[in-house]
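To keep things clear, I will list the structure first and then write my remarks on it.
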Amino acid sequence: MERYETIADLRASLAPARRAEHSIGVVPTMGYLHAGHLELVRRARAETDVVVVTIFVNPTQFGENDDFANYPRNMERDLALLRQAGVDAVFTPSVAEMYPAPLQTAIALKPLGDMLIGTVRPGHFTGVATVVAKLFNITQPTRAYFGEKDFQQLAVIRRMVADLDIPVEIVGVPTVREADGLAMSSRNVRLSPQDRVAARVLSAALREGAAMIAAGERDPQRVLAVLEEMIAAEPGVLLRSLDIGDAADLAAIATIDRPVVLLVTAMVGPVLLIDQQEAWPKAGREESR
């Protein structure tokens with residue numbers, strides 16, 4: 001496994017594989033890797049010839065109230081995990097390497113990037129889309145792998161690729177969870193033991209919502225009301241957003257008559273957590289099989 005810190009060096013290292021028409025899989029991350037990231041790597045390793053993992057804590061996707069400085073980092077641990085996973089190349093650029101001058105170009109998806117989590121974190125998805133587009137231009141991958149936990153992010157990237165005709169296949173990988181249901185996240189390390197227990201209500205509420213829909217509930221407002229009550233009963237959790245949208249494009253729906261996704265954003269102690277759960281009406285699931 002080789003580590004590259006400059007764009008020029010990474011591009012030069014990938015040139016022979018590209019000339020040989022080998023497939024390249026990229027896994028963009030902000031580091032502090034966990035089992036969810038490693039599942040993305042496993043998929044990339046199984047499906048592509050050359051696997052590249054990027055580690056870059058991107059400042060442009062953090063808002064004024066987000067704690068960029070305290071985002072967890074442990075490069076040596078990350079490199080050891082990636083070496084064990086059989087990664088070919090790791091790209092670890094500095095902020096100066098990625099942004100040598102103030103950006104005058106940004107990719108804003110409207111309304112997709114401004115809705116749902118975008119209302120809680122204004123500008124976040126513009127930062128995400130822009131840095132991912134830069135990483136795609138740098139690595140020119142055949143496939144790129146993203147976790148479904150960040151479902152809106154996945155939708156944003158898929159739409160950006162379609163709108164801009166970027167020749168990369170976007171692969172969504174199911175959420176990896178802790179034994180108690182909490183979605184794996186690099187931010188989980190910042191939870192206190194008490195916060196860690198409180199955070200379990202998020203996945204429990206999403207499971208309850210999915211069960212209601214599978215049992216026949218078609219009114220999204222009734223589902224949301226039950227989930228809000230569940231989360232409100234946990235004093236350690238401050239709900240920031242809770243939504244049900246069309247699983248295809250996150251559009252608001254009046255009746256649950258198609259596959260949907262439930263999305264939650266909440267403050268648990270000092271940490272902003274997100275989670276998601278796809279759900280199907282009985283007829284919708286049967287038709288999709």
Side-chain angles (χ1 to χ4, degrees), residues 1-61 71-100 107 127-150 153-154 156-158 160-161 164-176 184-186 189:
M1 184 184 80
E2 299 293 334
R3 177 182 178 183
Y4 302 95
E5 297 183 322
T6 71
I7 295 168
D9 286 347
L10 179 64
R11 281 177 166 163
S13 76
L14 294 176
R18 194 167 290 110
R19 285 194 296 270
E21 299 185 347
H22 292 160
S23 59
I24 297 172
V26 67
V27 180
T29 82
M30 292 205 298
Y32 211 84
L33 305 180
H34 52 68
H37 295 113
L38 297 179
E39 178 62 15
L40 304 182
V41 172
R42 186 194 69 77
R43 284 285 301 272
R45 181 75 283 167
E47 298 173 2
T48 58
D49 299 317
V50 178
V51 177
V52 181
V53 174
T54 69
I55 299 176
F56 179 61
V57 183
N58 175 41
T60 68
Q61 68 192 66
Y71 192 87
R73 297 163 170 87
N74 190 331
M75 184 63 73
E76 293 309 312
R77 172 182 169 275
D78 289 347
L79 294 175
L81 289 171
L82 295 176
R83 193 173 292 111
Q84 293 171 8
V87 168
D88 298 296
V90 183
F91 182 45
T92 60
S94 65
V95 172
E97 179 69 14
M98 289 295 285
Y99 304 116
I107 299 174
V128 169
T130 303
V131 76
V132 170
K134 285 174 66 71
L135 292 171
F136 286 171
N137 285 333
I138 293 165
T139 59
Q140 298 179 38
T142 311
R143 297 186 183 94
Y145 296 80
F146 295 86
E148 291 180 352
K149 177 179 77 72
D150 297 325
Q153 172 179 277
L154 178 60
V156 162
I157 299 305
R158 282 175 167 158
M160 177 188 73
V161 164
L164 300 183
D165 298 306
I166 300 176
V168 56
E169 177 187 348
I170 304 301
V171 180
V173 179
T175 302
V176 177
M184 287 193 173
S185 169
S186 299
V189 70

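Both backbone and side-chain heavy atoms feed into the values below; hydrogens, waters and symmetry mates do not. We number each residue from 1, following the sequence as shown.
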Less than 4.5 Å apart, side chain to side chain, heavy atoms only: is that true for [X] and [Y]?
{"X": "F91", "Y": "D9", "answer": "no"}
{"X": "Q84", "Y": "V41", "answer": "no"}
{"X": "V176", "Y": "H34", "answer": "no"}
{"X": "L82", "Y": "M1", "answer": "yes"}
{"X": "R3", "Y": "T92", "answer": "yes"}
{"X": "I55", "Y": "Y32", "answer": "no"}

Would you check if the side chain of [X] reaches a backbone N or O of [Y] as a donor-acceptor pair within less than 3.5 Å?
{"X": "D88", "Y": "V51", "result": "yes"}
{"X": "E97", "Y": "I7", "result": "yes"}
{"X": "T142", "Y": "I24", "result": "yes"}
{"X": "S186", "Y": "G31", "result": "yes"}

Would you give the length of the straight line joining atom [atom1] of [X] to atom [atom2] of [Y], rounded to the nearest 0.5 angstrom?
{"X": "S185", "Y": "D150", "atom1": "OG", "atom2": "CG", "value": "7.5 Å"}
{"X": "M160", "Y": "I107", "atom1": "CE", "atom2": "CD1", "value": "5.5 Å"}
{"X": "D78", "Y": "R73", "atom1": "CG", "atom2": "CZ", "value": "11.5 Å"}
{"X": "L40", "Y": "T29", "atom1": "CG", "atom2": "OG1", "value": "9.0 Å"}
{"X": "M75", "Y": "L33", "atom1": "CE", "atom2": "CG", "value": "9.0 Å"}
{"X": "T54", "Y": "L135", "atom1": "OG1", "atom2": "CG", "value": "4.5 Å"}

Closest heavy-atom pair and its distance - [X], [Y]:
{"X": "A129", "Y": "I157", "value": "CA-CD1, 4.4 Å"}
{"X": "T139", "Y": "R18", "value": "O-NH2, 2.5 Å"}
{"X": "P93", "Y": "F56", "value": "O-CD1, 3.5 Å"}
{"X": "A89", "Y": "V87", "value": "O-CG1, 3.3 Å"}
{"X": "G36", "Y": "M184", "value": "N-SD, 3.8 Å"}
{"X": "P16", "Y": "S13", "value": "CD-O, 3.5 Å"}

- Item | Residues T48, Y145; criterion side chain to side chain contact (heavy atoms under 4.5 Å, CB included); working and verdict | CA-CA 11 Å; T48 58; Y145 296 80; 3.8 Å; yes
- For E148, what residues pass the salt bridge (Lys or Arg N to Asp or Glu O under 4.0 Å) criterion, not counting sequence neighbours?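 Once residues adjacent in sequence are excluded, E148 has no partner under the salt bridge (Lys or Arg N to Asp or Glu O under 4.0 Å) criterion.
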- Message: If the condition is side-chain hydrogen bond (donor to acceptor under 3.5 Å, both in side chains), which residues does T130 pass it with, not counting sequence neighbours?
- Response: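 Testing T130 for side-chain hydrogen bond (donor to acceptor under 3.5 Å, both in side chains), a comparison that skips the adjacent residues, returns none.
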- Just say parallel, tilted or perpendicular for the rings of F136 and F146, cut-offs at 30° and 60°.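 Answer is perpendicular, since the angle exceeds 60°.
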- Message: Is it the case that the side chains of R143 and S23 hold a donor-acceptor pair, with the cut-off being a distance below 3.5 Å and no angle test?
- Response: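 Judged by distance alone, the side chains do not pair up.
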- Between the side chains of N58 and Y71, does any donor sit under 3.5 Å from an acceptor?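 No, no side-chain donor-acceptor contact under 3.5 Å.
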